Amino acid sequence: MSDTLITTLLDGKPRSFKTGYTLYDPNEEKDVDVGNVEVQIKRDPTDDNNYRLHLGGKRVFQWFREKWQSLKQTVRRGFGIR
C-alpha cells in the first residue's frame, strides 16, 4: 500500500478497493485480490496507540485465513478430494 492510501484510510472511514487490486499475503507468499472488499483501519480496542486493518469487516489475518480455506475447499471439490 502506498503512504497516501494508508494516510487516507487512517480517517477510519470504510472504503473499497477497485476490482483487480491485490494485497500480498506473507503466510501464503502470494497476492490476493481484494477488489470490491470494504477496507478500514480501526483503533485497537485494547491499545489506543495501535491500529488494525480490516477487510470485509474482519481483521486482515482472519480475512486472509477464510479466503485460503475457501480456496482449498474449492480445489478439493474440483479434484474430488475429501
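Just so we're clear, the structure is a prediction, and the values are computed from it rather than from any experiment. Scope of the values below: all heavy atoms of this structure, side chains included, with no hydrogens, waters or symmetry mates.
For the atom pair NZ (Lys30) and CZ (Phe64), the distance works out to 10.0 Å, reported to the nearest 0.5 Å. Atom CG in Leu53 sits 10.0 Å away from atom CZ in Arg59 (nearest 0.5 Å). Summarising the geometry, atom CG belonging to Asn36 is positioned 3.5 Å from atom OG1 belonging to Thr19; distances are rounded to the nearest 0.5 Å. To the nearest 0.5 Å, atom CD1 of residue Ile41 and atom OH of residue Tyr51 are 9.0 Å apart. Rounding to the nearest 0.5 angstrom, the gap separating the NZ atom in Lys58 from the NZ atom in Lys67 is 8.5 Å. Taken from CZ in Arg52 to NZ in Lys42, the straight-line distance is 10.5 Å, to the nearest 0.5 Å.
Within 6.0 Å of the NZ atom in Lys72, the count of heavy atoms belonging to other residues, nucleotides or ligands exceeds 12.
Heavy atoms only, all atoms of each residue included: Asp33 and Trp63 are closest at O-CH2, 3.7 Å.
In the hydrophobic cluster analysis, where Ile, Leu, Val, Met, Phe, Trp and Tyr join through side-chain heavy atoms closer than 4.5 angstrom, Leu9 is grouped apart from Tyr24.
Residues Leu55 and Leu23 form a side-chain contact, since some pair of their non-hydrogen atoms from C-beta on lies under 4.5 Å apart. Between Phe17 and Val39 the shortest side-chain heavy-atom distance falls below 4.5 Å.
Gln62 and Glu66 form a side-chain donor-acceptor contact under 3.5 Å, judged by distance and modelled atom types alone.
Side chain of Glu38 to backbone of Ser16: no donor-acceptor contact under 3.5 angstrom is found.
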